Amino acid sequence: MADLIDKYFAAHLSLPWEDAVRLHKEYYQNYGLAIEGLVRHHQIDPLDYNAKVDDALPLDDIIKPRDELKKLLSDIDTSKVRLWLFTNAYVNHAKRVVKLLEVEEFFEGVTYCDYSAPKLVCKPHEDAYEKAMREAGVERREDCYFVDDSYQNCKKAQEIGWNAAHLVEEGIKAPRTPACKFQISHLDELRTVFPHVFKKPEVSSE
């Protein structure tokens with residue numbers, strides 16, 4: 001994805017490769033989403049960007065279903081919480097990913113960055129978190145449980161009162177200062193971090 005974004009910057013802004021890479025990184029750090037910088041400063045059509053970046057990704061070759069992910073999601077107690085997707089991608093990319101993972105059945109809905117809207121609303125802007133709460137039907141911030149692999153997204157989630165877990169996968173350098181209270185290297189650790197949202201193990205009668 002990073003390579004496709006860099007190519008988009010280079011081609012549409014007529015930049016040398018090094019400058020394209022630098023500007024992409026700058027916009028991502030400043031806005032949480034490279035496309036926001038493109039729209040804000042260069043009047044790029046976000047749907048054209050989506051077609052040439054997100055929709056162009058060969059996800060069928062990359063994303064495969066995982067039994068342990070399905071088991072994790074099925075073990076969450078949906079009488080206590082609603083499972084909701086929250087992404088900075090456009091809706092068709094989000095649906096494509098969960099379909100390839102074969103986990104669509106577990107989620108009640110999705111809050112996405114609407115590339116067709118006059119103004120983009122994305123993480124880590126507070127408006128995006130409020131939008132997610134509205135769409136998921138949640139009133140209290142303390143009732144939100146959030147996991148993300150972005151440092152800034154998790155930092156903002158905790159700042160506004162959400163319960164956040166930062167996913168820093170194995171092989172990735174952990175941040176010097178944690179983004180939030182919880183940091184995990186595997187999604188299965190959510191069982192320990194947020195134990196109350198999972199179903200209680202059945203006790204054998206033997």
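Please read these numbers as outputs of a predicted model, since none were measured by experiment.
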### Task
With side chain to side chain contact (heavy atoms under 4.5 Å, CB included) as the test, would you mind laying out the steps for L57 and I62 before giving the verdict?
CA-CA 9 Å; L57 289 168; I62 301 169; 5.7 Å; no

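- Between D127 and K131, no side-chain nitrogen of the basic residue sits less than 4.0 Å from a carboxylate oxygen of the acidic one, so the salt-bridge criterion is not met.
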### Task
Check the pair D6 / M1 against side chain to side chain contact (heavy atoms under 4.5 Å, CB included), numbers first and verdict last.
CA-CA 9 Å; D6 290 337; M1 177 175 273; over 6 Å; no

### Query
For Y28 and S150, what are the C-alpha separation, side-chain angles and deciding distance, and is it a side chain to side chain contact (heavy atoms under 4.5 Å, CB included)?
CA-CA 11 Å; Y28 180 79; S150 163; 4.2 Å; yes

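- Between F194 and F182, the distance separating the two ring centers is shorter than 6.0 angstrom.
- Evaluation of the salt bridge (Lys or Arg N to Asp or Glu O under 4.0 Å) test over residues 30-43, restricted to residues two or more places apart or in two chains, returns E36-R40.
- Side-chain N or O atoms of R82 include one that pairs as donor or acceptor with a backbone N or O of A136 at under 3.5 Å.
- When the side-chain hydrogen bond (donor to acceptor under 3.5 Å, both in side chains) test is applied to K71, the partners found at least two apart in sequence or on another chain are D75.
- Checking Y129, F107, Y112 one by one against F86, the ring pair (Phe, Tyr, Trp, His ring centres under 6.0 Å) holds for a single residue, Y129.
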### Query
Run the side-chain hydrogen bond (donor to acceptor under 3.5 Å, both in side chains) check on E135 and T111 step by step: do they pass?
CA-CA 7 Å; E135 292 180 352; T111 293; 2.7 Å; yes

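- Scanning for side chain to side chain contact (heavy atoms under 4.5 Å, CB included) contacts around P118 gives an empty result, with sequence neighbours left out.
- Between H196 and Y145, the distance from one ring center to the other falls under 6.0 angstrom.
- A salt bridge is defined here as a Lys NZ or Arg NE, NH1 or NH2 lying under 4.0 Å from an Asp or Glu carboxylate O, and K123 with E130 fails to meet this definition.
- Every residue meeting the side chain to side chain contact (heavy atoms under 4.5 Å, CB included) condition with R140, not counting sequence neighbours, appears here in chain and number order: E142, D143.
- The cluster map of Ile, Leu, Val, Met, Phe, Trp and Tyr, joined by side-chain heavy atoms under 4.5 Å apart, puts L23 and I35 in the same cluster.
- Not counting sequence neighbours, the partners of H186 by the side chain to side chain contact (heavy atoms under 4.5 Å, CB included) test are R66, D188, E189.
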### Message
Show, in sequence, the C-alpha distance, side-chain angles and deciding distance for H24 and Y8, and conclude whether the ring pair (Phe, Tyr, Trp, His ring centres under 6.0 Å) test is met.
### Response
CA-CA 10 Å; H24 166 200; Y8 193 92; over 10 Å; no

### Task
Evaluate the side chain to side chain contact (heavy atoms under 4.5 Å, CB included) criterion for residues F146 and N153: first the C-alpha distance (whole Å), next the side-chain angles of each, then the deciding distance (0.1 Å), finally the verdict.
CA-CA 9 Å; F146 178 75; N153 293 350; 4.1 Å; yes

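- Sorted by first then second residue, the side chain to side chain donor-acceptor pair (under 3.5 Å) pairs that include residues 86-100, not counting sequence neighbours, are D55-N92.
- Under the 4.0 Å criterion applied to side-chain N and carboxylate O atoms, E159 and K155 are assigned as salt-bridge partners.
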